[in-house]
Amino acid sequence: MDIEHEIEIIKRGAVDLISENELRNKLKKAKSENRPLRIKLGLDPTAPDLHLGHTVVLQKLKQFQELGHTAIFLIGDFTGMIGDPTGRIEARPPLTKEELLKNAETYKEQVFKILDPNKTEIRFNSEWMESMTAADMIRLCAQYTMARIMEREDFKNRYTNNLPISIHEFLYPLVQGYDSVALKADVELGGHDQIFNLFVGRDLQKAYGQESQVIVTVPLLEGTDGVNKMSKSYGNYVGIDETPDIIFGKLMSISDELMLKYYILLSDISVDEFRILNEDVKNGKIHPRDAKVNFAKEMIKRFHGSAEAEAAYMNFEKIHKEKEIPDDIEVVKLKKENDSIWIPKLLLDMGMVTSTSEGKRMIGQGGVAVTDAGSMTKITSESIPVDKADGEIFKVGKRKFKKVVFEE
């Protein structure tokens, strides 16, 4: 592929490219030497599940991989024990080695829904950090000044506001930077919030006699609310291991503007195809709803498979167009304790709400329904006889359906 076309693909959806000229020279040199560039992406396994916000940078790594370069997925099992201070106003609680390794196994399973496992180098930074001596660590610390470390916005803010900064937190950017030295990275990817750490990698490579890596950052992805960054804590996330029906429903709920951003950051369509899609949506040639359907199908196909993507689409159409009930509904078996059921507790036991308070609120808002003669009827009372609930399908909100069966 022409180098300028490669650069156009790499720049797609990127926030920072430092620098384009350095990247161009690295690509030219790699072609002349007939070798791929080494592209590094590091993630600390601090949570067991990934959502679409995490996959933005994985998608960028995939683009490099498809251009023929070596994708290095670095699992920060050592840095995870330090805790990334980025954006924090207090020290991040460190995880145990066992917790990190358990999460790392889940990460490996999930990233291969995006990356080609046969063309991906999986590494752990404990490989070189656990064998580093105290003298080695002192030599590493000697390569950077406190003045440079204090340029970090979060450290500067905490210092200015008399908030504590533990010394081990200063080591995090140094260790992340040294990972680039150990891996001889040509390019490092990361979220825009990681840019300070990525610059440390450039400086350390130079200090250790290597050519500095190019930096490519991607934006933080807004969640389904279109306001806050995607996060489980905000409840605006789309988990890649969620059921196809839930993924489909969540993606169909996003705004038209956000849908186009999701396309450019997460879709496999080409740069030229996106330009056409963008124009067609703006000119009314393609209805935004149809574009969302295609995007939702693409995401579900990637994470679950083609058949599941089509089934999720059919279920969505049944629920929202034909007002029908989906075919594949989870059955929850519960013990019969009384002749009357308090519905908020029933919904909690079925896993449809996170608390009885949420159940009461959903009932008050008209968001809970039960099957009656084959169709859904809104529940207005908090209690219901067992025989009216046994074997029936409950619906909470627009997308949650479960069937309850009582056992003696």
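Annotation: side chain of Leu189 is not in contact with side chain of Val218 (no heavy-atom distance under 4.5 Å). Side-chain contact between Val293 and Met252: present, with at least one pair of heavy atoms (C-beta onward) separated by less than 4.5 Å. Val368 places none of its side-chain heavy atoms less than 4.5 Å from the side chain of Val353. Residues Ile195 and Ile18 are in side-chain contact: their nearest non-hydrogen atoms beyond the backbone lie under 4.5 Å apart. Looking at Ile264 and Arg12, their side chains come closer than 4.5 Å, going by heavy atoms from C-beta outward. Counting only heavy atoms from C-beta outward, the side chains of Gln143 and Asp203 never approach each other to under 4.5 Å. No side-chain heavy atom of His54 sits less than 4.5 Å from a side-chain heavy atom of Gln110. With contacts defined as side-chain heavy-atom distances shorter than 4.5 Å, the pair Val56/Leu52 does not qualify.
Taking the charged nitrogens against the carboxylate oxygens, Asp256 and Lys292 do have a contact shorter than 4.0 Å, which makes a salt bridge. Salt-bridge annotation for Arg302 and Glu298: present, with a side-chain N of the basic residue lying under 4.0 Å from a carboxylate O of the acidic one. No salt bridge links Glu242 with Lys400; every basic N to acidic carboxylate O contact stays at or beyond 4.0 Å. At a threshold of 4.0 Å, the pair Lys297-Glu310 counts as salt-bridged, since one of the basic side-chain nitrogens sits closer than that to a carboxylate oxygen. Salt-bridge formation is detected for the pair Arg35/Asp186: a Lys NZ or Arg NE/NH1/NH2 atom is positioned less than 4.0 Å from an Asp or Glu carboxylate oxygen.
Looking at every heavy atom in both residues, Arg202 comes nearest to Gln213 through NH1-O, 2.8 Å.
For Arg139, the side chain to side chain contact (heavy atoms under 4.5 Å, CB included) test picks out Ala135, Asp136, with sequence neighbours left out. The ring-ring contact (aromatic ring centres under 6.0 Å, His included) check on His304 picks up nothing, with sequence neighbours excluded. Applying the side chain to side chain donor-acceptor pair (under 3.5 Å) criterion to Glu211, with sequence neighbours excluded, gives Lys26. Taking the side chain to side chain donor-acceptor pair (under 3.5 Å) definition, one finds that Lys301 meets it with nothing, sequence neighbours left out. The side chain to side chain donor-acceptor pair (under 3.5 Å) test applied to His287 returns no partner, not counting sequence neighbours. Every residue meeting the side chain to side chain contact (heavy atoms under 4.5 Å, CB included) condition with Asp225, not counting sequence neighbours, appears here in chain and number order: Val227, Asn228, Asn236. Taking the side chain to side chain contact (heavy atoms under 4.5 Å, CB included) definition, one finds that Ala389 meets it with Ile341, Ile384, Phe394, Phe406, sequence neighbours left out. A search for side chain to side chain donor-acceptor pair (under 3.5 Å) contacts involving Lys11 returns Glu20, not counting sequence neighbours. Residues that satisfy the side chain to side chain contact (heavy atoms under 4.5 Å, CB included) test with Arg361, not counting sequence neighbours, are Glu358, Gln365. Judged as a ring-ring contact (aromatic ring centres under 6.0 Å, His included), and not counting sequence neighbours, the contacts of Tyr208 are Tyr178.
The stretch residues 241-267 participates, sequence neighbours left out, in these ring pair (Phe, Tyr, Trp, His ring centres under 6.0 Å) pairs: Phe248-Phe316, Tyr263-Phe295.
Distance check: Glu188 CD to Leu61 CG gives 11.0 Å after rounding to the nearest 0.5 Å. With rounding to the nearest 0.5 angstrom, the CH2 atom of Trp342 is 9.0 Å from the CG atom of Leu348.
Within 6.0 Å of NZ on Lys402 lie more than 12 heavy atoms contributed by other residues, nucleotides or ligands. In this structure, Lys113 places its NZ atom where more than 12 heavy-atom neighbours from other residues, nucleotides or ligands lie under 6.0 Å away. For Glu273, the CD atom sits in a packed shell: over 12 heavy atoms of surrounding residues, nucleotides or ligands are nearer than 6.0 Å. Within a 6.0 Å sphere centred on OH of Tyr159, heavy atoms belonging to other residues, nucleotides or ligands number 12 at most. Counting heavy atoms of neighbouring residues, nucleotides and ligands inside a 6.0 Å radius, atom NZ of Lys403 does not exceed 12 of them.
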Between side-chain atoms of residues 66-75 and protein atoms elsewhere (two or more places apart, or another chain), which donor-acceptor pairs fall under 3.5 Å?
from	atom 1	to	atom 2	distance (Å)
His69	ND1	Leu37	N	3.1
His69	NE2	Glu6	OE1	3.2

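Gln63 and Lys60 share a side-chain donor-acceptor pair at under 3.5 Å.
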